[in-house]
Number of protein chains: 2
Amino acid sequence: MTTREIPTRQRILDAALDLFGTRGVDSVSLDEIAREVGVRKQTVLYWFASKDELVDAVLETVAAELVVVIDAAVRSASDDPLERIDAVVRAVFRPAVRRPAMLGLMREMNRLPEAQADRLRHHVRPLVDRCIEYFSLEMDKGRLRRADPGLVAALAYATVTGIATEPEALRSVGWQPSAVGLRHLREELRGFLRAALTP
Amino acid sequence: MTTREIPTRQRILDAALDLFGTRGVDSVSLDEIAREVGVRKQTVLYWFASKDELVDAVLETVAAELVVVIDAAVRSASDDPLERIDAVVRAVFRPAVRRPAMLGLMREMNRLPEAQADRLRHHVRPLVDRCIEYFSLEMDKGRLRRADPGLVAALAYATVTGIATEPEALRSVGWQPSAVGLRHLREELRGFLRAALTP
DNA sequence: GGATATGTCTACCAAATGGTAGACAGCCTT
DNA sequence: AAGGCTGTCTACCATTTGGTAGACATATCC
């Protein structure tokens with residue numbers, strides 16, 4: 001294996017993300033991941049000492065990517081808070097289009113054993129704090145509807161990710177998770193959030 | 001086993017709901033359910049031919065209960081659409097307080113294999129249709145913000161259930177799923193939806 | 001060129017899982 | 001009283017799972 005190719009470890013992480021995301025962490029066996037990568041299970045266990053460790057690594061990857069992408073959106077060009085929020089929404093939806101498994105994994109995050117959930121919170125926490133701070137600021141300026149900034153941030157977050165990770169409700173009304181479907185949805189959501197957040 | 005006690009079948013359903021909801025369908029074994037009920041695994045398999053069938057039965061129970069409770073809320077006393085929506089929100093949150101596993105199971109609904117998801121949709125579909133019809137009507141009357149009624153219904157639904165089933169985001173801001181925490185949350189959500197849905 | 005390190009493999013294993021076969025005890029009907 | 005039905009049990013089983021031990025090949029360093 002020459003050093004020019006994608007290293008095995010990375011390929012394992014990629015395959016694991018896709019499989020965990022689409023079918024759930026517990027339903028996917030190491031064997032399956034190994035098969036997907038074209039390697040033996042023991043090779044997976046060589047790079048990650050246990051399945052738990054692999055799960056942690058995948059979650060960290062996702063969390064880190066999300067944090068980066070949302071963070072970039074939060075301090076986007078525009079000064080208008082609603083434009084900023086829309087940028088965040090776009091940022092959350094973008095990975096959904098490019099990589100549907102990402103959304104599944106966000107859903108998986110809510111059903112982790114407490115130990116793993118804790119490690120994850122540690123990553124996301126600073127981001128949440130920053131958002132709350134920002135919301136609070138804009139509320140003081142009167143540019144966002146006055147309310148408990150923490151709860152509003154959580155509500156907005158839960159709304160966006162709830163929509164993103166709960167395709168069931170949306171599919172029931174004929175919506176399809178295609179790129180164009182997502183754009184339509186995002187536009188509707190934009191109006192929804194705009195109305196909910198402005199004074 | 002006299003007929004006065006709770007029949008085994010029901011006790012199995014109850015235990016399965018709790019376990020599936022809190023720990024996820026795949027992570028719970030038949031043995032575990034049986035142990036919870038105080039019976040052997042083979043007794044579980046006597047009442048439900050396979051694990052799949054048990055899962056189906058549990059989901060049907062939950063779906064049926066949700067449909068009834070939401071349906072009742074939809075045609076609640078008040079004529080004000082926002083009061084009605086609030087009644088629905090209350091209806092969704094009530095089981096959350098009384099039986100946290102219910103929420104977990106609602107989350108599980110989004111990660112079912114396609115066959116089971118289909119059977120479930122069949123239950124929920126009429127309810128969704130009714131909601132869409134209602135939204136459409138109120139929009140015509142100008143009492144709700146004009147928009148694609150299907151998408152708005154889905155958004156509202158996803159918002160509520162997203163919030164209800166995604167405690168992660170809320171716990172990050174110090175919110176706790178206690179009865180009083182839920183009340184506080186519901187009040188904030190009420191304002192949120194009111195703003196988002198009114199013209 | 002030989003030693004060492006790295007990465008992947010073959011060969012196992014113990015535990016758990018969903019599921020089957022069939023015994024058996026109590027109840028109901030005749 | 002006898003035979004059948006119902007509900008639960010004991011005893012297995014094949015498969016899958018996460019994980020271990022150690023062989024083997026290739027590359028790197030001295």
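Naming: A, B, ... by sequence-line order, numbering from 1 per chain.
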N/O donor-acceptor pair under 3.5 Å between A:R145 side chain and A:A196 backbone:
yes
Below 4.0 angstrom, N of the basic side chain to O of the carboxylate: do B:R194 and B:E83 qualify?
yes
For B:Y46 and C:dT20, what is the distance between atoms OH and C1' respectively, to the nearest whole Å?
16 Å
For the residue pair B:L54 and B:W47, establish whether any side-chain heavy-atom pair is separated by less than 4.5 Å.
no
Side-chain atoms of A:W47 come closest, of C:dG18, D:dC9, C:dG7, to C:dG7
Taking atom C1' of D:dA11 as reference, at what distance in whole Å does atom CG of B:D31 sit?
14 Å
Would you mind reading off the distance between A:I33 atom CD1 and D:dT17 atom C1', rounded to a whole angstrom?
12 Å
Measure from CZ on B:R35 to C1' on C:dT17 and round the result to the nearest Å.
12 Å
When rounded to whole Å, the CZ to P distance for the pair B:R40 and C:dC24 reads 18 Å
Any side-chain heavy-atom pair of B:R190 and B:L82 under 4.5 Å:
no
Taking D:dC9, C:dT8, C:dT10 as options, the one with an atom nearest any side-chain atom of B:V39 is D:dC9
Taking the side chain of B:T8 as heavy atoms from C-beta outward, which of C:dT8, D:dT8, C:dG18 is closest to it?
D:dT8
Selected nucleotide, minimal atom distance to A:S50 side chain, candidates D:dG7, D:dG19, D:dC9
D:dG19
Counting side-chain heavy atoms from C-beta on, which of D:dA11, C:dT8, D:dG19 comes nearest to B:Q42?
D:dA11
Can you check whether B:S29 has a side-chain N or O nearer than 4.0 Å to OP1 or OP2 of C:dT17?
yes
Please give, in whole Å, the distance from C:dT17 P to B:L45 CG?
13 Å
From CZ of A:R23 over to C1' of D:dT16, roughly how many Å is that when rounded to an integer?
13 Å
Is A:R35 close to A:R40 at the side-chain level, that is, under 4.5 Å between some pair of heavy atoms?
no
Which of these nucleotides, D:dT8, C:dG7, C:dG19, is closest to any side-chain atom of B:K51?
C:dG19
Between B:K41 and B:R9, which has a closest nucleotide on DNA chain D that is more 5'?
B:R9
Integer-rounded Å distance: D:dT17 P and A:F48 CZ:
19 Å
